[in-house]
Every structure is written in structure tokens, then in C-alpha cells.
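Naming: A, B, ... by sequence-line order, numbering from 1 per chain. Quick note: numbers below take in every heavy atom, side chains included, and nothing from hydrogens, waters or symmetry partners.
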Amino acid sequence: MKGVTKKPQENAASNLDAVKIKWFHHRLSTWGTQNLRDFPWRQTCDSYAILVAEHLLQKTDAVTVVPIYKAFLFKYPTLENLVKASIDELSELLKPLGLYFRAERLYQCARIIIEQYGGKIPNSEKQLLELPGIGKYTARAICSQAFSQPLAVLDTNVARILERFFGLQGERVKSRCKILWRAAETIAPDKKVGKWNLTLLDFGAMVCRAKNPLCNDCPLSAKCDYVQIQPNDSKKILLSSSLK
DNA sequence: ATCCGGACCA
DNA sequence: TGGTCCGGAT
């Protein structure tokens, strides 16, 4: 008896109606055209640079990554430079970011790409997933940013937006939640998904934040389930902001 | 003191 | 599936 408990899926489907998605998409796209943040890894389509950035960005705030990323590319401007690096120096460079295993993973990543792919970063999600330190999020981030592939991503920012706006209830580990992945794919446009992904990331980081979301200034609040249901906190915020 | 965040391994 | 890895923000 596997197919019996289908309720969450049905709820999700009913909340993800086409009209609401269209509205969501239009509002967010407009927001994105004027609010996207400017990071150095967003000014390149060099797949190596993007691979490096995505490694460093895992579980790490983008602002703290910036100086390390710049130093990294200065010291190891190409994949070939990276495989020739000393692990100690590489570790030292990445140290301020914590999560020390990343130096090794990134290095192994580079080595495998040299050895198995002739130094060319693989451009398929499936191949990227086999590299150390690259999971579903990172693989799809690379595919959408570096190779312009129409692949949606789901990180905690995206998950939070989807849960709040569409009233979805994800599992504790969002990255493994099928409903949220499905929702992320459903709401993605069929063109310019790379930019769309960035829009969601930035919107989650700047407006639909984990703590103290800016519901009063949110272009989605009119149709957001979260605003409707919010008991205390956001009411207070809405109230106080309406007084200024 | 506690929260926040991807990949990986047990 | 749940614990672990880290620093920074609050």
C-alpha cells in the first residue's frame, strides 16, 4: 500500500494554480530586473570560475565568499593551475570560510576533470553529480549559470519562498523534499532559468528572509499565504511600518 | 546561546 | 534519515 498517502501532493497541486504562478512569476521577475545583487562570479560565464564559486558558496554567506573567491582565482586562474596547487596552500586560502573539507573536495574535483574529462568541465547534471562536493543543488546551479541550461534549483532560500507563498509544507531537510523540488520546477520559466534562479536566491536572501522577512515591502504579499496566516510577528511588522 | 546553511556518510 | 562539518550574524 504505497499510493495511499497522497495528500501533500494534492494540496501542492491545488495551491500551484496557473494564475497564481503567472502572477508570482511576473512580480518576481520585475523585482529581479532591478534588485539582483552583483557578485564577481555573476560577471563571468567561465565554467571553472563558476564551479569554484559554487563550491565556496555551499553553506556560506555570499558576502564572506567574495574576497576569498577573488584571491582564489588570482592564485589559481585555471583548472590547470588548481591541479598543480599545493593542498596546504589551498587549505590556507580557504580557511576563513570554515568547513575545511572543501579544499580537498575542490582539488579532487579539478583532478578528476583533468583526468577524465580532458580538463573540460562536464556540462550535464548527471556527470557533475559524480564529482566530489557536488550535489543536486550545485550541479544544477552550474548547469544553469555556466551552461544556460533550464534547470531549476532548490536551496533553503527557494524552499522558504515556496513554502511561504504557496503555503507548502516541506520536510525538515528541504533539499530532499520531493514536493518542493517539483514546485521549484513547476514555477520555473522555460527561458532564462539562470537569471530566474538568481532572482529567487536574492529574493530569499533580501526580502523573504528566514528571520525578519520584509513582508511590508514584499511585492508578493498580496497573494502570499504566509502573510495571510501570520499570527503575530508580521502583523507587528506591518503595523509598525505603516506608521512611518 | 542559538540559528543558518549543502554534501556526505553511517 | 540524522548527525556532522564551520564561521558569522543575532
Side-chain angles (χ1 to χ4, degrees), chain A residues 2 5 8 37 39 41 49-72 87-88 90-113 121-122 124-146 151-164 168-185 194 197-215 226 232-234 236-237 240:
Chain A
K2 275 187 196 160
T5 48
R37 294 177 295 178
F39 294 116
W41 49 85
I50 290 168
L51 174 88
V52 169
E54 291 301 339
H55 267 271
L56 305 193
L57 285 165
Q58 288 169 7
K59 270 182 118 51
T60 310
D61 185 20
V63 175
T64 67
V65 169
V66 171
I68 310 290
Y69 168 85
K70 285 182 176 166
F72 190 106
I87 293 276
D88 285 345
L90 181 57
S91 302
E92 198 59 34
L93 182 57
L94 298 187
K95 203 168 185 180
L97 296 178
L99 303 172
Y100 304 136
F101 51 81
R102 280 189 290 195
E104 179 68 19
R105 284 186 190 168
L106 191 44
Y107 179 80
Q108 291 304 330
C109 220
R111 219 201 73 240
I112 294 170
I113 292 168
I121 314 255
S124 81
E125 179 185 2
K126 188 159 177 276
Q127 289 172 313
L128 287 165
L129 277 172
E130 298 184 2
L131 299 172
I134 297 188
K136 189 167 180 181
Y137 171 82
T138 306
R140 295 172 75 104
I142 293 169
C143 284
S144 62
Q145 300 308 320
L151 295 180
V153 296
L154 177 73
D155 73 340
T156 49
N157 284 303
V158 179
R160 187 171 55 250
I161 296 166
L162 296 177
E163 289 185 314
R164 286 178 177 167
L168 302 177
Q169 178 60 65
E171 293 155 41
R172 286 173 303 287
V173 181
K174 311 300 181 192
S175 59
R176 275 184 280 185
C177 178
K178 227 175 165 191
I179 292 171
L180 292 179
W181 268 110
R182 180 177 294 235
E185 282 168 353
N197 288 341
L198 298 183
T199 301
L200 287 171
L201 276 294
D202 285 358
F203 189 75
M206 298 163 74
V207 180
C208 196
R209 307 183 293 203
K211 287 181 286 188
N212 304 321
L214 305 179
C215 299
Y226 183 73
N232 302 316
D233 276 359
S234 79
K236 235 196 273 176
I237 294 165
S240 66

Can you tell me how far CG of Leu154(A) sits from SG of Cys177(A), rounded to the nearest 0.5 angstrom? 7.5 Å
Examine Lys70(A) relative to Trp41(A) and say whether NZ or CZ is less than 6.0 Å from the centre of the six-membered ring and inside a 45° cone about the ring axis. no
Take atom [atom1] of [X] and atom [atom2] of [N], then tell me their distance rounded to the nearest Å.
X: Asn212(A); N: dT10(C); atom1: CG; atom2: P; answer: 9 Å
X: Leu57(A); N: dC4(B); atom1: CG; atom2: C1'; answer: 15 Å
X: Lys136(A); N: dG5(B); atom1: NZ; atom2: C1'; answer: 18 Å
X: Arg172(A); N: dT1(C); atom1: CZ; atom2: P; answer: 8 Å
X: Met206(A); N: dC4(B); atom1: CE; atom2: P; answer: 20 Å
X: Lys211(A); N: dG8(C); atom1: NZ; atom2: P; answer: 15 Å
X: Leu56(A); N: dA7(B); atom1: CG; atom2: P; answer: 13 Å
X: Asp61(A); N: dC3(B); atom1: CG; atom2: P; answer: 19 Å

Hey, does the side chain of Thr156(A) come within less than 4.0 Å of dC4(B)'s phosphate (OP1/OP2), counting only N and O?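 Indeed not, no polar side-chain atom of Thr156(A) lies that close.
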Looking across every strand, which nucleic acid part, if any, lies under 4.0 Å from Arg209(A) by heavy atom: base, sugar-phosphate, or nothing? nothing
Please work out if Tyr137(A) contacts a base, only the sugar-phosphate, or nothing of the nucleic acid, heavy-atom cut-off 4.0 Å.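 Sugar-phosphate, no base atom in range.
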Let me spell it out: for each of Glu171(A) and Tyr100(A), pick the nucleotide of DNA chain C with the closest heavy atom. Which residue's pick is nearer the 5' end?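 Its nearest nucleotide lies further toward 5', so the answer is Glu171(A).
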5' priority, DNA chain C, between Val173(A) and Lys59(A) [closest heavy atom]: Val173(A)
Would you call Glu104(A) and Arg111(A) a salt bridge, taking side-chain N to carboxylate O under 4.0 Å as the test? no
Below 4.0 angstrom, N of the basic side chain to O of the carboxylate: do Lys178(A) and Glu171(A) qualify? no
Return yes if some donor-acceptor pair links the side-chain N/O of Arg102(A) with the main-chain N/O of Leu94(A) below 3.5 Å, else return no.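 No; zero donor-acceptor contacts below 3.5 Å.
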By nearest nucleotide on DNA chain B, pick out whichever of Thr60(A) and Arg105(A) is the more 5' one. Thr60(A)
Side chain of Arg176(A): nearest nucleotide among dG8(C), dG2(C), dC6(C)?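 Looking only at heavy atoms from C-beta outward on Arg176(A), the closest nucleotide is dG2(C).
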